[in-house]
Chemist: 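Quick one: this structure, given as C-alpha cells, is what I'll be asking you about.
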Amino acid sequence: MRSPRRCSRNGCPRQAVATLTYVYGDSTAVVGPLAAFAEPHTYDLCETHARSLTAPRGWELVRHDGDFAPPPPTTDDLVALAEAVREAARPVPPRPDDTDHTPQTGRRGHLRVIPPSH
C-alpha cells in the first residue's frame, strides 16, 4: 500500500495537503491544493508550511484561499489494504515437527494475526 505523501520540508512528518510550484518565467510561486500526482519540480507541503510560505524577494506569491484538505484514499489504497488484511488472516499451517500446541502469533510485515482465545 502506498503511504500518504508527506511534506517536502526537511524534518516535517506531516501529511501533505498542498503543492508548491515555481513559475520561473513569471517569478511567481503558486501554492494550491495537493496535485493528483507528485511531479519532479513541485513540492508537497503540509497545511502549516503551505500557509506560512513566503516567496523569494522580487517574486509574487499566489496562494489558494480555501481550506487545504487531505486527499481521500484511492481505490488502489483500499484494495491494497484489503489484500494485506486477507493475507495476514490466513492461518499458518502447522509444521509436522511442531509438537508445541500453544497458540502462535503470526506476523507479516507490520500486521499481526492474533489467534482467538479459547
Chemist: Check for a donor-acceptor pair, side chain of Thr19 on one end and backbone N or O of Ala35 on the other, with a separation under 3.5 Å.
Modeler: yes
Chemist: To check you understand the geometry: which heavy-atom pair defines the closest contact between Cys46 and Arg14, and what is its length?
Modeler: SG-NE, 3.3 Å
Chemist: Quick one, Val17 and Leu45 - any side-chain contact, counting heavy atoms below 4.5 Å?
Modeler: no
Chemist: May I ask you to check whether over 12 heavy atoms, not counting those of Arg9, lie within 6.0 Å of atom CZ?
Modeler: no
Chemist: To check you understand the geometry: which heavy-atom pair defines the closest contact between Glu39 and Thr42, and what is its length?
Modeler: O-OG1, 3.1 Å
Chemist: May I have the step-by-step check of side-chain contact (heavy atoms from CB on, under 4.5 Å) for Cys7 and Gln15, ending in yes or no?
Modeler: CA-CA 6 Å; Cys7 184; Gln15 183 176 6; over 6 Å; no
Chemist: To check you understand the geometry: which heavy-atom pair defines the closest contact between Ala29 and Trp59, and what is its length?
Modeler: N-CE3, 4.0 Å
Chemist: Are any non-hydrogen side-chain atoms of Leu61 and Val31 less than 4.5 angstrom apart?
Modeler: yes
Chemist: Is there a donor-acceptor contact under 3.5 Å from the side chain of Arg63 to the main chain of Leu53?
Modeler: yes
Chemist: What is the distance from atom NE2 of His49 to atom OH of Tyr43, rounded to the nearest 0.5 Å?
Modeler: 15.0 Å
Chemist: Short question: side chain of Thr28, backbone of Asp26 - any donor-acceptor pair under 3.5 Å?
Modeler: yes
